[in-house]
Amino acid sequence: SLFNAFWWSIVTATTVGYGDIVPITQTGKIIASFLMIFGIVSIAMLTSIITSAFTRRIIESKLDKEALVQKKIDELVNHYIICGFGKITSLVAQQLRSNNLSFVIIEKDRDKANEAIKEGYLTINADAADEKVLLQAGIMRAKGLAILTNSDAENLYILISAKELNKEIFSIARVNARENEEEAIKRFKRLGATTISPYHTSATRVARMILAPNAADALFSIAGAKEAIEIDEIRIPKNSPYDGKMIKQTNMRSFYNLMIIALVEEFFNKNEQKIEKKLKFNPSGDDIISSSTILICVGLTQDLQRFKKDLGSS
């Protein structure tokens with residue numbers, strides 16, 4: 001009958017099954033049908049509530065983590081912003097971390113961003129060319145910007161956005177172009193960025209190893225030395241004991257075991273805006289150090305850190 005067809009359809013659809021004990025009368029079957037439908041609806045609603053609760057909790061947990069990361073970023077001052085996360089960025093991040101320097105990574109690819117997060121880095125999963133994202137990363141408080149994506153067009157766009165927000169920020173941009181490399185470098189330099197080229201750097205290293213293998217071996221082995229040797233820049237603060245002294249009158253070599261390989265002299269206008277910079281390699285002992293001088297020094301990492309700590313410089 002039509003009723004039995006309806007009954008067996010409900011039994012089948014609700015997966016109750018065809019047991020040995022089943023309602024016999026029509027009234028019993030009607031009651032059982034309502035019970036089966038009510039049971040399925042109840043289970044579905046309960047499952048939906050539980051799933052929604054878990055989903056909401058996961059979303060809230062993610063938002064809490066993002067809020068915590070953002071809070072840490074908001075507390076940073078004189079930090080560095082690195083745009084793009086890859087092999088080069090990973091090495092740069094390791095060096096910055098080993099020197100106890102604060103930095104933020106911006107990466108728009110979710111998988112790469114998650115990889116950076118797993119490494120324990122403060123990471124923003126967004127497009128670095130977006131001014132809002134750069135502000136979120138603290139571009140106005142940052143000390144430097146490293147743009148290291150695999151696209152020159154993207155790097156250039158990020159640089160333009162960054163300079164519009166903070167035109168004085170020190171910036172480094174990676175140049176990926178093999179063809180018309182010089183033209184690409186000119187574009188970045190016109191915007192005030194220091195450029196690096198993986199291809200040019202590799203070619204230069206090979207040429208040095210061919211022309212002067214022993215000198216090149218000594219130079220490149222520094223990076224793998226047991227005692228880390230570094231080249232660092234140290235700004236002489238005002239009222240420093242070194243301010244106004246000649247290099248030979250200082251104790252940088254005797255006490256700190258540091259070699260000064262260059263002096264950078266900066267000149268500012270009345271509004272304290274930098275208008276000129278002069279670089280002098282291999283300074284003599286008679287050269288005078290002033291508060292506008294930046295020392296380019298070579299030495300062991302611990303000696304450089306000790307000197308900067310005693311000097312109160314950064």
Side-chain angles (χ1 to χ4, degrees), residues 66 68-109 112-113 115-151 154-176 188-189 191-198 201 223 228 230-235 264 266 274 277 294-297 301 304-305 308-309 312-314:
E66 291 177 354
L68 181 61
V69 169
Q70 190 57 50
K71 183 180 179 181
K72 291 181 179 179
I73 293 173
D74 292 339
E75 294 173 351
L76 297 179
V77 178
N78 290 330
H79 60 290
Y80 296 87
I81 300 174
I82 306 176
C83 302
F85 187 78
K87 292 182 179 179
I88 293 179
T89 308
S90 180
L91 295 173
V92 172
Q94 290 175 20
Q95 289 293 322
L96 292 177
R97 175 185 274 177
S98 64
N99 284 275
N100 298 318
L101 295 175
S102 302
F103 59 93
V104 179
I105 294 174
I106 304 176
E107 172 56 60
K108 65 180 180 180
D109 183 87
K112 291 182 179 180
E115 185 178 344
I117 293 171
K118 288 180 181 178
E119 293 293 329
Y121 304 136
L122 291 176
T123 306
I124 299 175
N125 182 204
D127 187 356
D130 189 340
E131 291 186 358
K132 293 181 180 179
V133 175
L134 290 172
L135 289 171
Q136 184 182 346
I139 187 73
M140 306 305 293
R141 308 183 309 275
K143 186 176 183 180
L145 173 70
I147 309 172
L148 304 175
T149 75
N150 295 325
S151 169
E154 187 174 352
N155 289 347
L156 193 62
Y157 193 29
I158 294 171
L159 181 61
I160 292 171
S161 299
K163 287 294 183 178
E164 287 180 349
L165 295 171
N166 186 355
K167 62 181 180 180
E168 297 298 328
I169 191 170
F170 172 73
S171 54
I172 299 174
R174 174 182 173 180
V175 178
N176 301 281
F188 285 102
K189 286 188 174 180
L191 292 170
T194 302
T195 59
I196 55 171
S197 172
T201 303
E230 294 184 8
I231 299 177
D232 202 353
E233 61 178 67
I234 302 170
R235 186 181 296 273
V264 178
E266 294 183 332
K274 187 166 59 179
K277 181 173 69 174
I294 298 175
L295 307 179
I296 310 299
C297 301
T301 302
L304 285 166
Q305 292 177 349
K308 291 169 74 174
K309 182 179 179 180
S313 179
S314 59

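Throughout, numbering of the chain's residues begins at 1 and tracks the sequence. Values below: every heavy atom of this structure, side chains too, minus hydrogens, waters and symmetry copies.
Between S171 and G192 the shortest heavy-atom distance is OG-O, 3.6 Å. When all heavy atoms of A137 and I106 are compared, the pair lying nearest together is CB-CD1, 3.8 Å. Here the shortest heavy-atom pairing between I158 and C83 reads CG2-SG, 3.8 Å. The shortest non-hydrogen separation linking E107 to N125 is O-ND2, 2.9 Å. Across all their heavy atoms, A128 and V133 have their closest contact at CA-CG1, 4.5 Å. The two residues A142 and I81 have their closest heavy-atom pair at CB-CD1, 3.9 Å.
With rounding to the nearest 0.5 Å, the separation of OH in Y121 from CD in E115 is 10.0 Å. Within the model, atoms CZ of R174 and CG of N150 stand 5.0 Å from one another, a figure rounded to the nearest 0.5 Å. To the nearest 0.5 Å, atoms CG (L68) and NZ (K72) are separated by 5.0 Å. A distance of 10.5 Å separates NZ in K87 from OG in S90, rounded to the nearest 0.5 Å. Here the CG atom belonging to D130 is positioned 8.0 Å from the OH atom belonging to Y157, to the nearest 0.5 angstrom. The structure places CZ of F85 at 14.5 Å from OG1 of T149, a figure rounded to the nearest 0.5 Å.
A 4.5 Å side-chain heavy-atom check between Q136 and I73 finds every atom pair outside the cut-off. In this structure, V77 and K143 have side chains that are not in contact, with every pair of non-hydrogen atoms separated by 4.5 Å or more. You'll find the side chain of F103 stays beyond 4.5 Å of the side chain of L122, heavy atoms only. No side-chain heavy atom of T123 sits under 4.5 Å from any side-chain heavy atom of V69. Side-chain contact between N166 and L145 is absent, with no heavy-atom pair separated by less than 4.5 Å.
Ion pairing of K108 with E154 is present here, as a side-chain N (NZ or NE/NH1/NH2) and a carboxylate O approach within less than 4.0 Å.
The main-chain N or O of H79 is never found under 3.5 Å from a side-chain atom of S102 such that the two would form a donor-acceptor pair. Not one N or O on the side chain of K308 forms a donor-acceptor pair closer than 3.5 Å with the backbone of E233. Looking only at distances, a side-chain donor or acceptor of S161 sits under 3.5 Å from a matching main-chain atom of A129.
With V104 as the partner, the side-chain contact (heavy atoms from CB on, under 4.5 Å) test is satisfied by one option alone out of L76, I139, I82: L76.
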